[in-house]
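Reviewing the structure listed below.
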Amino acid sequence: MHHRHPEIAPQLLSETDEQRQLRTVLRDFYAETSGVEDLHTHLATPRGYDEALWARLAREIGVHGLAVPEEYGGSGFTFAELAVALEESGRALYCGPLLPTVVLAAHALLLSGDRTACERYLPRIADGTLTATVAGFDDGVPGVAAERGSGGWVLRGQTDFVLDGAGAELILVRAGTPAGPRLFACEPAPDSCRRTPRRVLDETRRQALVEFRGAPAAAVGAADGAEGTADGTEGAVSATLDAGRAALAAEQVGGSGHALDATVAFVAQRHQFGRPIGSFQAVKHRLADVLVALEAARSASAYATACAAVASPQLPVAACAAAVVCSETFRLATAEYVQLHGGIGFTWEHPAHLYVRRARGAEVLFGTADQHRARLAGLVGPAARTATPVPPPEPQ
(Lines give C-alpha, C1' and ligand atoms only; values in the text may rest on other atoms or scores of the structure.)
Protein backbone atom coordinates (compact mmCIF):
# COMPACT_ATOMS: atom_id res chain seq x y z
CA MET A 1 0.00 0.00 0.00
CA HIS A 2 1.22 3.51 -0.79
CA HIS A 3 0.36 6.36 1.53
CA ARG A 4 -1.34 9.35 -0.07
CA HIS A 5 1.00 11.74 1.75
CA PRO A 6 4.51 10.28 1.40
CA GLU A 7 7.14 11.33 3.89
CA ILE A 8 9.99 12.85 1.86
CA ALA A 9 12.09 15.50 3.58
CA PRO A 10 11.51 18.85 1.79
CA GLN A 11 15.24 19.58 1.57
CA LEU A 12 15.64 16.54 -0.68
CA LEU A 13 13.61 18.36 -3.33
CA SER A 14 16.06 21.29 -3.55
CA GLU A 15 19.55 21.37 -5.00
CA THR A 16 22.53 21.51 -2.69
CA ASP A 17 25.52 23.77 -3.32
CA GLU A 18 27.51 20.76 -4.52
CA GLN A 19 24.80 19.82 -7.00
CA ARG A 20 24.63 23.39 -8.34
CA GLN A 21 28.41 23.40 -8.80
CA LEU A 22 28.23 20.05 -10.59
CA ARG A 23 25.54 21.43 -12.90
CA THR A 24 27.67 24.47 -13.75
CA VAL A 25 30.73 22.35 -14.45
CA LEU A 26 28.81 19.95 -16.68
CA ARG A 27 26.99 22.67 -18.61
CA ASP A 28 30.27 24.42 -19.35
CA PHE A 29 31.90 21.08 -20.23
CA TYR A 30 29.19 20.13 -22.72
CA ALA A 31 29.17 23.64 -24.23
CA GLU A 32 32.90 23.39 -24.89
CA THR A 33 33.18 19.76 -26.00
CA SER A 34 29.84 18.39 -27.18
CA GLY A 35 27.88 20.97 -29.11
CA VAL A 36 24.72 19.86 -30.86
CA GLU A 37 26.41 20.73 -34.14
CA ASP A 38 28.88 17.88 -33.49
CA LEU A 39 26.18 15.23 -33.11
CA HIS A 40 26.04 14.28 -36.77
CA THR A 41 29.78 13.60 -36.71
CA HIS A 42 29.55 11.42 -33.60
CA LEU A 43 26.53 9.51 -34.89
CA ALA A 44 28.50 8.46 -37.95
CA THR A 45 31.15 6.68 -35.85
CA PRO A 46 31.00 2.92 -35.15
CA ARG A 47 29.96 3.41 -31.51
CA GLY A 48 27.73 6.41 -32.17
CA TYR A 49 29.38 8.74 -29.66
CA ASP A 50 32.72 10.40 -28.88
CA GLU A 51 34.66 7.75 -26.94
CA ALA A 52 37.31 10.24 -25.83
CA LEU A 53 34.59 12.45 -24.36
CA TRP A 54 33.10 9.41 -22.62
CA ALA A 55 36.44 8.76 -20.93
CA ARG A 56 36.80 12.41 -19.90
CA LEU A 57 33.35 12.44 -18.32
CA ALA A 58 34.34 9.45 -16.21
CA ARG A 59 37.87 10.48 -15.25
CA GLU A 60 37.82 14.28 -15.09
CA ILE A 61 34.33 14.84 -13.67
CA GLY A 62 33.51 11.40 -12.30
CA VAL A 63 30.00 11.21 -13.74
CA HIS A 64 29.99 7.43 -14.13
CA GLY A 65 30.81 6.79 -10.49
CA LEU A 66 28.58 9.40 -8.85
CA ALA A 67 26.06 6.89 -7.50
CA VAL A 68 28.52 4.00 -7.13
CA PRO A 69 29.64 3.27 -3.54
CA GLU A 70 33.26 4.04 -2.72
CA GLU A 71 33.96 0.38 -1.94
CA TYR A 72 33.33 -0.34 -5.64
CA GLY A 73 35.43 2.50 -7.00
CA GLY A 74 32.78 5.21 -7.11
CA SER A 75 32.32 8.55 -5.41
CA GLY A 76 29.67 7.37 -2.97
CA PHE A 77 27.12 10.10 -3.74
CA THR A 78 23.44 9.39 -4.38
CA PHE A 79 21.01 9.24 -7.27
CA ALA A 80 20.36 12.96 -6.71
CA GLU A 81 23.84 13.88 -7.98
CA LEU A 82 23.52 11.43 -10.86
CA ALA A 83 20.20 13.03 -11.83
CA VAL A 84 21.93 16.41 -12.18
CA ALA A 85 24.41 14.85 -14.60
CA LEU A 86 21.61 13.18 -16.54
CA GLU A 87 19.62 16.39 -16.80
CA GLU A 88 22.62 18.20 -18.26
CA SER A 89 23.33 15.32 -20.66
CA GLY A 90 19.69 15.50 -21.80
CA ARG A 91 20.01 19.24 -22.29
CA ALA A 92 23.08 18.74 -24.49
CA LEU A 93 21.55 15.68 -26.18
CA TYR A 94 24.65 13.71 -25.26
CA CYS A 95 24.59 10.40 -27.14
CA GLY A 96 26.91 8.28 -24.95
CA PRO A 97 25.30 5.24 -23.23
CA LEU A 98 24.92 6.81 -19.78
CA LEU A 99 21.39 5.51 -19.29
CA PRO A 100 22.09 1.81 -20.00
CA THR A 101 25.54 1.73 -18.38
CA VAL A 102 25.52 4.11 -15.43
CA VAL A 103 21.85 3.83 -14.50
CA LEU A 104 20.40 0.47 -15.56
CA ALA A 105 23.40 -1.86 -15.42
CA ALA A 106 24.99 -0.27 -12.35
CA HIS A 107 21.72 -0.27 -10.40
CA ALA A 108 20.94 -3.84 -11.42
CA LEU A 109 24.29 -4.95 -10.02
CA LEU A 110 23.83 -3.02 -6.78
CA LEU A 111 20.25 -4.23 -6.31
CA SER A 112 21.24 -7.84 -6.96
CA GLY A 113 23.23 -7.89 -3.72
CA ASP A 114 25.99 -9.89 -5.40
CA ARG A 115 29.26 -8.50 -3.99
CA THR A 116 31.41 -10.60 -6.32
CA ALA A 117 29.67 -9.25 -9.42
CA CYS A 118 29.79 -5.70 -8.05
CA GLU A 119 33.51 -5.96 -7.33
CA ARG A 120 34.16 -7.31 -10.80
CA TYR A 121 32.16 -4.83 -12.86
CA LEU A 122 31.32 -1.64 -10.96
CA PRO A 123 34.90 -0.26 -10.71
CA ARG A 124 35.21 -0.53 -14.50
CA ILE A 125 31.84 1.17 -14.99
CA ALA A 126 32.89 3.95 -12.61
CA ASP A 127 36.18 4.65 -14.41
CA GLY A 128 34.61 4.57 -17.87
CA THR A 129 36.40 1.47 -19.17
CA LEU A 130 33.31 -0.73 -19.34
CA THR A 131 30.01 -0.10 -21.13
CA ALA A 132 27.07 -2.22 -20.06
CA THR A 133 23.34 -2.65 -20.55
CA VAL A 134 20.40 -4.78 -19.50
CA ALA A 135 18.26 -7.13 -21.58
CA GLY A 136 14.92 -8.81 -21.06
CA PHE A 137 13.98 -6.60 -18.12
CA ASP A 138 10.73 -5.45 -19.70
CA ASP A 139 9.65 -8.84 -21.06
CA GLY A 140 6.63 -10.39 -19.40
CA VAL A 141 7.86 -13.91 -20.10
CA PRO A 142 11.65 -14.02 -20.57
CA GLY A 143 12.62 -14.47 -24.20
CA VAL A 144 15.97 -15.86 -23.10
CA ALA A 145 16.42 -19.16 -21.29
CA ALA A 146 19.40 -20.18 -19.16
CA GLU A 147 20.53 -23.77 -19.02
CA ARG A 148 23.45 -25.52 -17.45
CA GLY A 149 26.25 -26.54 -19.78
CA SER A 150 29.40 -28.52 -19.09
CA GLY A 151 31.24 -25.35 -18.10
CA GLY A 152 28.40 -23.52 -16.34
CA TRP A 153 25.37 -21.50 -17.40
CA VAL A 154 24.69 -20.73 -21.07
CA LEU A 155 22.01 -18.48 -22.58
CA ARG A 156 19.73 -19.22 -25.52
CA GLY A 157 17.03 -17.06 -27.04
CA GLN A 158 16.67 -13.45 -28.05
CA THR A 159 15.55 -10.06 -26.80
CA ASP A 160 14.90 -7.01 -28.94
CA PHE A 161 15.48 -3.27 -28.73
CA VAL A 162 18.25 -3.54 -26.17
CA LEU A 163 19.77 -0.14 -25.38
CA ASP A 164 23.34 -0.02 -26.71
CA GLY A 165 22.89 -3.72 -27.37
CA ALA A 166 25.27 -3.81 -30.33
CA GLY A 167 28.21 -2.23 -28.51
CA ALA A 168 27.93 -2.89 -24.78
CA GLU A 169 30.73 -5.01 -23.37
CA LEU A 170 28.56 -6.45 -20.60
CA ILE A 171 24.90 -7.46 -20.78
CA LEU A 172 22.89 -8.21 -17.65
CA VAL A 173 20.16 -10.55 -18.81
CA ARG A 174 16.90 -11.57 -17.15
CA ALA A 175 16.55 -15.16 -18.28
CA GLY A 176 14.19 -17.99 -17.47
CA THR A 177 15.33 -21.05 -15.50
CA PRO A 178 13.42 -24.08 -14.14
CA ALA A 179 13.27 -22.26 -10.79
CA GLY A 180 12.03 -19.01 -12.30
CA PRO A 181 13.67 -15.88 -13.76
CA ARG A 182 17.26 -15.19 -12.77
CA LEU A 183 19.78 -12.46 -13.54
CA PHE A 184 22.90 -13.36 -15.52
CA ALA A 185 26.00 -11.46 -16.55
CA CYS A 186 27.14 -12.10 -20.10
CA GLU A 187 30.23 -10.70 -21.80
CA PRO A 188 29.10 -11.26 -25.40
CA ALA A 189 31.40 -12.88 -27.96
CA PRO A 190 30.69 -12.96 -31.71
CA ASP A 191 30.61 -16.78 -31.89
CA SER A 192 27.85 -17.16 -29.28
CA CYS A 193 26.01 -13.83 -29.36
CA ARG A 194 24.68 -12.19 -32.49
CA ARG A 195 23.86 -8.49 -32.19
CA THR A 196 21.94 -6.71 -34.93
CA PRO A 197 21.52 -2.90 -34.76
CA ARG A 198 17.93 -1.76 -35.18
CA ARG A 199 16.94 1.29 -37.17
CA VAL A 200 15.13 3.49 -34.66
CA LEU A 201 13.69 6.99 -34.73
CA ASP A 202 16.18 8.37 -32.20
CA GLU A 203 19.63 7.75 -33.64
CA THR A 204 21.26 9.27 -30.55
CA ARG A 205 20.13 6.27 -28.49
CA ARG A 206 21.06 3.08 -30.30
CA GLN A 207 19.18 -0.19 -29.85
CA ALA A 208 19.75 -3.71 -31.10
CA LEU A 209 18.36 -7.22 -31.38
CA VAL A 210 20.50 -9.55 -29.26
CA GLU A 211 20.43 -13.30 -30.00
CA PHE A 212 22.10 -15.65 -27.54
CA ARG A 213 23.36 -18.91 -29.04
CA GLY A 214 24.83 -20.81 -26.13
CA ALA A 215 26.49 -17.69 -24.74
CA PRO A 216 28.41 -18.35 -21.50
CA ALA A 217 27.04 -16.44 -18.53
CA ALA A 218 27.41 -16.15 -14.78
CA ALA A 219 24.47 -16.07 -12.38
CA VAL A 220 24.13 -12.78 -10.51
CA GLY A 221 22.35 -12.49 -7.17
CA ALA A 222 21.40 -15.12 -4.62
CA ALA A 223 23.25 -18.42 -4.58
CA ASP A 224 21.88 -21.35 -6.55
CA GLY A 225 19.09 -23.10 -4.73
CA ALA A 226 18.48 -20.22 -2.34
CA GLU A 227 14.85 -19.71 -1.45
CA GLY A 228 13.29 -16.65 -3.00
CA THR A 229 15.84 -16.31 -5.81
CA ALA A 230 13.19 -15.65 -8.49
CA ASP A 231 11.30 -13.18 -6.30
CA GLY A 232 14.53 -11.37 -5.51
CA THR A 233 15.36 -11.14 -9.20
CA GLU A 234 11.97 -9.72 -10.08
CA GLY A 235 12.23 -7.18 -7.28
CA ALA A 236 15.68 -6.05 -8.45
CA VAL A 237 14.49 -5.84 -12.06
CA SER A 238 11.42 -3.79 -11.11
CA ALA A 239 13.47 -1.41 -8.95
CA THR A 240 16.05 -1.04 -11.73
CA LEU A 241 13.36 -0.07 -14.24
CA ASP A 242 11.90 2.48 -11.81
CA ALA A 243 15.37 3.98 -11.38
CA GLY A 244 15.58 4.09 -15.18
CA ARG A 245 12.27 5.95 -15.36
CA ALA A 246 13.46 8.50 -12.81
CA ALA A 247 16.71 8.93 -14.74
CA LEU A 248 14.90 9.31 -18.05
CA ALA A 249 12.62 11.95 -16.49
CA ALA A 250 15.69 13.98 -15.49
CA GLU A 251 16.98 13.73 -19.08
CA GLN A 252 13.62 14.87 -20.42
CA VAL A 253 13.61 17.90 -18.11
CA GLY A 254 17.04 18.87 -19.46
CA GLY A 255 15.94 18.46 -23.07
CA SER A 256 12.77 20.45 -22.44
CA GLY A 257 14.82 23.22 -20.82
CA HIS A 258 17.07 23.47 -23.87
CA ALA A 259 14.08 23.56 -26.24
CA LEU A 260 12.43 26.38 -24.29
CA ASP A 261 15.62 28.44 -23.88
CA ALA A 262 16.56 28.09 -27.54
CA THR A 263 13.06 29.07 -28.66
CA VAL A 264 12.87 32.09 -26.36
CA ALA A 265 16.24 33.30 -27.68
CA PHE A 266 15.09 32.86 -31.28
CA VAL A 267 11.74 34.67 -30.96
CA ALA A 268 13.50 37.56 -29.24
CA GLN A 269 15.78 38.22 -32.22
CA ARG A 270 13.53 37.14 -35.14
CA HIS A 271 11.62 40.19 -36.43
CA GLN A 272 8.38 40.31 -38.36
CA PHE A 273 6.29 43.41 -39.17
CA GLY A 274 9.00 45.53 -37.59
CA ARG A 275 9.01 43.87 -34.16
CA PRO A 276 10.32 40.67 -32.49
CA ILE A 277 7.90 37.80 -32.99
CA GLY A 278 8.26 37.06 -29.29
CA SER A 279 6.31 40.24 -28.59
CA PHE A 280 3.15 38.82 -30.19
CA GLN A 281 0.61 37.62 -27.65
CA ALA A 282 -0.02 34.29 -29.39
CA VAL A 283 3.68 33.42 -29.20
CA LYS A 284 3.87 34.51 -25.56
CA HIS A 285 0.95 32.25 -24.65
CA ARG A 286 2.50 29.22 -26.32
CA LEU A 287 5.82 29.74 -24.56
CA ALA A 288 4.04 30.33 -21.26
CA ASP A 289 2.32 26.96 -21.67
CA VAL A 290 5.71 25.29 -22.15
CA LEU A 291 7.12 27.07 -19.08
CA VAL A 292 4.21 25.94 -16.89
CA ALA A 293 4.57 22.37 -18.13
CA LEU A 294 8.33 22.48 -17.55
CA GLU A 295 7.91 23.59 -13.94
CA ALA A 296 5.50 20.70 -13.36
CA ALA A 297 8.01 18.33 -14.94
CA ARG A 298 10.81 19.66 -12.72
CA SER A 299 8.67 18.99 -9.64
CA ALA A 300 7.77 15.46 -10.75
CA SER A 301 11.39 14.69 -11.62
CA ALA A 302 12.66 16.11 -8.33
CA TYR A 303 10.27 13.92 -6.37
CA ALA A 304 11.23 10.78 -8.31
CA THR A 305 14.91 11.63 -7.85
CA ALA A 306 14.46 12.11 -4.09
CA CYS A 307 12.66 8.77 -3.80
CA ALA A 308 15.43 7.01 -5.75
CA ALA A 309 18.14 8.70 -3.67
CA VAL A 310 16.76 7.37 -0.37
CA ALA A 311 15.36 4.09 -1.73
CA SER A 312 11.84 5.15 -0.75
CA PRO A 313 9.00 2.63 -1.14
CA GLN A 314 7.23 5.47 -2.98
CA LEU A 315 9.62 5.16 -5.93
CA PRO A 316 7.23 3.13 -8.15
CA VAL A 317 4.56 5.83 -7.77
CA ALA A 318 7.03 8.70 -8.21
CA ALA A 319 8.73 7.09 -11.21
CA CYS A 320 5.46 6.44 -13.05
CA ALA A 321 4.17 9.94 -12.34
CA ALA A 322 7.43 11.49 -13.54
CA ALA A 323 7.36 9.33 -16.68
CA VAL A 324 3.92 10.64 -17.60
CA VAL A 325 4.51 14.32 -16.79
CA CYS A 326 8.05 14.62 -18.17
CA SER A 327 7.29 12.71 -21.38
CA GLU A 328 4.35 14.95 -22.20
CA THR A 329 6.34 18.08 -21.36
CA PHE A 330 9.25 17.03 -23.58
CA ARG A 331 6.87 16.30 -26.43
CA LEU A 332 5.23 19.74 -26.08
CA ALA A 333 8.52 21.63 -25.71
CA THR A 334 10.08 20.03 -28.78
CA ALA A 335 6.95 20.57 -30.87
CA GLU A 336 7.06 24.29 -30.09
CA TYR A 337 10.84 24.23 -30.66
CA VAL A 338 10.14 23.29 -34.28
CA GLN A 339 7.00 25.33 -34.86
CA LEU A 340 8.19 28.65 -33.44
CA HIS A 341 11.45 28.47 -35.37
CA GLY A 342 9.43 28.61 -38.57
CA GLY A 343 10.95 27.19 -41.75
CA ILE A 344 14.43 26.73 -40.30
CA GLY A 345 13.02 24.44 -37.61
CA PHE A 346 12.13 21.87 -40.28
CA THR A 347 15.62 21.63 -41.79
CA TRP A 348 18.05 18.74 -41.33
CA GLU A 349 20.83 21.13 -40.33
CA HIS A 350 18.91 22.57 -37.38
CA PRO A 351 19.10 20.53 -34.15
CA ALA A 352 15.37 20.78 -33.38
CA HIS A 353 14.50 17.54 -35.16
CA LEU A 354 17.07 15.64 -33.07
CA TYR A 355 15.32 16.74 -29.90
CA VAL A 356 11.95 15.79 -31.40
CA ARG A 357 13.30 12.33 -32.15
CA ARG A 358 14.69 11.98 -28.63
CA ALA A 359 11.36 13.06 -27.16
CA ARG A 360 9.33 10.60 -29.24
CA GLY A 361 11.71 7.73 -28.53
CA ALA A 362 11.92 8.43 -24.81
CA GLU A 363 8.17 8.59 -24.24
CA VAL A 364 7.79 4.85 -24.97
CA LEU A 365 11.15 3.64 -23.70
CA PHE A 366 9.95 2.13 -20.41
CA GLY A 367 6.25 2.01 -21.21
CA THR A 368 3.69 4.41 -22.63
CA ALA A 369 1.95 7.16 -20.67
CA ASP A 370 -1.28 5.14 -20.66
CA GLN A 371 0.52 2.11 -19.22
CA HIS A 372 2.07 4.25 -16.50
CA ARG A 373 -1.35 5.70 -15.63
CA ALA A 374 -2.79 2.20 -15.38
CA ARG A 375 0.00 1.16 -13.04
CA LEU A 376 -0.52 4.29 -10.95
CA ALA A 377 -4.22 3.47 -10.64
CA GLY A 378 -3.29 0.11 -9.21
CA LEU A 379 -0.75 1.59 -6.82
CA VAL A 380 -2.71 4.49 -5.36
CA GLY A 381 -6.33 3.90 -6.39
CA PRO A 382 -9.22 2.93 -4.08
CA ALA A 383 -8.48 -0.79 -4.47
CA ALA A 384 -4.75 -0.43 -3.80
CA ARG A 385 -5.08 -1.73 -0.23
CA THR A 386 -6.33 -5.14 -1.29
CA ALA A 387 -5.43 -5.50 -4.95
CA THR A 388 -2.52 -7.55 -6.25
CA PRO A 389 0.43 -5.25 -7.08
CA VAL A 390 0.34 -4.03 -10.67
CA PRO A 391 3.40 -5.13 -12.69
CA PRO A 392 5.55 -2.55 -14.45
CA PRO A 393 4.30 -1.59 -17.93
CA GLU A 394 5.68 -3.34 -20.98
CA PRO A 395 6.95 -1.03 -23.77
CA GLN A 396 5.28 -1.28 -27.14
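These numbers come from the heavy atoms of this one structure, side chains and all, not from hydrogens, waters or symmetry mates.
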### Message
Looking at Thr78 and Ala80, would you say the former's side chain and the latter's main chain have a donor-acceptor pair under 3.5 Å?
### Response
yes
### Message
Please check this pair: side chain of Ser192 against backbone of Arg213, looking for a donor-acceptor N/O pair closer than 3.5 Å.
### Response
no
#### Entry: Presence of salt bridge, Arg298 and Glu295, under 4.0 angstrom
yes
### pair Leu93-Pro351: side-chain heavy atoms closer than 4.5 Å
no
### Message
With a 4.0 Å cut-off on N to O distance, would you call Arg358 and Glu251 a salt bridge?
### Response
yes
### Message
Quick check on Arg47: does its CZ atom have over 12 non-hydrogen neighbours (other residues, nucleotides or ligands) under 6.0 Å away?
### Response
yes
### Query
Any donor and acceptor pair, going by atom type alone, linking the side chain of Thr368 with main-chain N or O of Val364 inside 3.5 Å?
no
### Query
Do Phe161 and Arg198 have side chains that get closer than 4.5 Å, going by heavy atoms?
yes
### Message
Angle between ring planes, Tyr49 versus Trp54, binned at 30° and 60°: parallel, tilted or perpendicular?
### Response
tilted
#### Entry: Parallel, tilted or perpendicular, as decided by the 30° and 60° cut-offs, for the rings of His107 and Phe79
perpendicular
### Message
Apply side chain to side chain donor-acceptor pair (under 3.5 Å) to residues Thr129 and Asp127 and explain how you reach the verdict.
### Response
CA-CA 6 Å; Thr129 58; Asp127 68 14; 2.6 Å; yes
### Task
Could you tell me whether the side chain of Leu163 reaches within less than 4.5 Å of the side chain of Pro97, counting heavy atoms only?
no
### Query
Do side-chain atoms of Thr240 reach the backbone of Ala236 as a donor and acceptor pair under 3.5 angstrom?
yes
### Task
Indicate yes or no for a side-chain donor-acceptor contact from Arg195 to the backbone of Ala168 under 3.5 Å, with no hydrogens or angles considered.
yes
### Message
Walk me through whether Thr33 and Asp50 qualify under side chain to side chain contact (heavy atoms under 4.5 Å, CB included).
### Response
CA-CA 10 Å; Thr33 62; Asp50 186 340; over 6 Å; no
### Query
Got a second to check how far Leu39's CG is from Tyr355's OH, nearest 0.5 Å?
7.0 Å
### Task
Could you go through the side chain to side chain contact (heavy atoms under 4.5 Å, CB included) check for Leu22 and Leu66 one step at a time?
CA-CA 11 Å; Leu22 175 62; Leu66 282 171; 4.0 Å; yes
### Task
Measure the CG-CG distance between Asp114 and Leu110 for me, rounded to the nearest 0.5 Å.
11.0 Å
### Message
Side chains of His353 and Val338, heavy atoms from C-beta outward: is any pair under 4.5 Å?
### Response
no
### Message
Could you check whether any side-chain heavy atom of Val144 comes within less than 4.5 Å of a side-chain heavy atom of Phe184, counting everything from C-beta outward?
### Response
no
### Query
When rounded to the nearest 0.5 angstrom, what is the spacing between OG in Ser327 and NE2 in His372?
6.5 Å
### Polar side-chain atom of Thr45 near backbone of His42 as donor-acceptor pair, under 3.5 Å
yes
### Query
Do Ser112 side-chain atoms and Leu109 backbone N/O form a donor-acceptor pair below 3.5 Å?
yes
### Arg245 side chain vs Cys320 backbone, donor-acceptor pair below 3.5 Å
no
### Task
Answer yes or no: are there more than 12 heavy-atom neighbours, outside Arg357 itself, under 6.0 Å from its atom CZ?
yes
### Query
Are Glu234 and Arg174 side-chain neighbours, meaning at least one heavy-atom pair lies under 4.5 Å?
yes
### Task
Determine, for Asp289 against Arg286, whether the closest basic-nitrogen to carboxylate-oxygen distance falls under 4.0 angstrom.
no
## Note on the structure
Note: Val134 and Ala108 closest approach over all heavy atoms is CG1-CB, 4.4 Å
### Query
Heavy-atom count around Glu18 CD within 6.0 Å, excluding the residue itself: above 12?
no
### Task
Indicate, with yes or no, if Tyr121 and Leu98 share a hydrophobic cluster defined by side-chain heavy-atom contacts under 4.5 Å among Ile, Leu, Val, Met, Phe, Trp and Tyr.
yes
### Query
So do Tyr72 and Arg120 actually touch side chain to side chain, heavy atoms under 4.5 Å?
no
### Query
So, does Glu87 use its side chain to make a donor-acceptor pair with the main chain of Gly254 at under 3.5 Å?
no
### Query
Around Leu291, counting heavy atoms of other residues, nucleotides and ligands shown, do more than 12 lie under 6.0 Å from its CG?
yes
### Message
Does this structure show an ion pair linking Glu32 with Arg56, if we count only N-O contacts that are shorter than 4.0 Å?
### Response
no
### Query
Could you state the interatomic distance from CG (Leu201) to CZ (Arg360), rounded to the nearest 0.5 Å?
8.0 Å
### Query
Is a salt bridge present between Arg206 and Asp164, judged by a nitrogen-to-oxygen distance below 4.0 Å?
no
#### Entry: Within-4.5 Å side-chain heavy-atom neighbours: Phe212 and Thr159
yes
### Task
Could you tell me whether Gln269 atom CD has more than 12 heavy atoms of other residues or ligands within 6.0 Å of it?
yes
### Residue pair Gln19, Phe77: steps toward the side chain to side chain contact (heavy atoms under 4.5 Å, CB included) verdict
CA-CA 11 Å; Gln19 290 165 5; Phe77 288 103; over 6 Å; no
### Message
Distance check, rounded to the nearest 0.5 Å: Leu209 atom CG versus Gln158 atom CD?
### Response
5.0 Å
### Query
Where the side chain of Thr329 meets the backbone of Ala293, is there a donor-acceptor pair that is under 3.5 Å apart?
yes
### Task
Would you please test Leu183 and Phe137 for side chain to side chain contact (heavy atoms under 4.5 Å, CB included) and show each step?
CA-CA 9 Å; Leu183 190 62; Phe137 276 38; 3.6 Å; yes
